[in-house]
Amino acid sequence: MWQLRESAHPVLTDEGGAILDERTCRWTHLTPTASAAVMLLLAGTTEEEAAGQYAERYGISHKHAAADVHTVATRLTTLGLATATPADRRRWRRWKR
């Protein structure tokens, strides 16, 4: 499950957006399509479901949409703004504590 870290604070609209990283006090600016991808990912859908909704929204092929959504998710994860921890694994860690 993809999600933003607790230290990342998004401001997302259909016109674009930004994410504040409170650890570094830096903003990461997003294009309108990147903002849409983040909104779909944060809606709790899988990356695959988000890509399907993204393709429908922009009238593009599912393959192209999957590549776009994956690029946004990977870039924000690389920047340390998000995590892609599987949901089952997170539950296990909570239970273990």
Any chance you could measure [X], atom [atom1], to [Y], atom [atom2], to the nearest 0.5 Å?
X	Y	atom1	atom2	answer
Leu81	Thr24	CG	OG1	7.5 Å
Leu30	Arg75	CG	CZ	11.0 Å
Glu47	Tyr54	CD	OH	12.0 Å
Leu42	Leu12	CG	CG	6.5 Å

For atom CD of Glu56, decide whether the heavy atoms of other residues, nucleotides or ligands shown that lie under 6.0 angstrom number more than 12. no
For the hydrophobic clusters of this structure (ILVMFWY residues joined by side-chain heavy atoms under 4.5 Å, transitively), does one cluster hold both Ile60 and Leu40?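 Linked within one cluster.
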Do Arg5 and Asp21 pass the side chain to side chain contact (heavy atoms under 4.5 Å, CB included) test, and can you show the C-alpha distance, the side-chain angles, and the key distance before you say yes or no? CA-CA 9 Å; Arg5 292 193 182 272; Asp21 183 350; over 6 Å; no
Looking only at heavy atoms, what is the nearest atom pair of [X] and [Y], with distance?
X	Y	value
Pro32	Tyr58	O-OH, 3.9 Å
Ala73	Leu41	CB-CD1, 3.9 Å
Gly80	Arg23	O-NH2, 3.0 Å
His62	Ala51	CE1-CB, 3.6 Å
Leu4	Pro10	CD1-CG, 3.6 Å

Given a cutoff of under 4.5 Å between side-chain heavy atoms of I, L, V, M, F, W and Y, with clusters grown through shared members, what are the other residues clustered with Trp27?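 Direct or chained contacts put Trp27 with Val11, Leu20.
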Do the side chain of Ser35 and the main chain of Thr13 share a donor and acceptor less than 3.5 angstrom apart? yes
Out of Leu76, Thr74, Thr83, Thr46, which residue meets the side chain to side chain contact (heavy atoms under 4.5 Å, CB included) rule with Trp2?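 Answer to the side chain to side chain contact (heavy atoms under 4.5 Å, CB included) test with Trp2 among Leu76, Thr74, Thr83, Thr46: Leu76.
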Report yes if some heavy atom in the side chain of Thr33 is under 4.5 Å from a heavy atom in the side chain of Asp68; otherwise report no.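 Result no, sub-4.5 Å side-chain heavy-atom pair not found.
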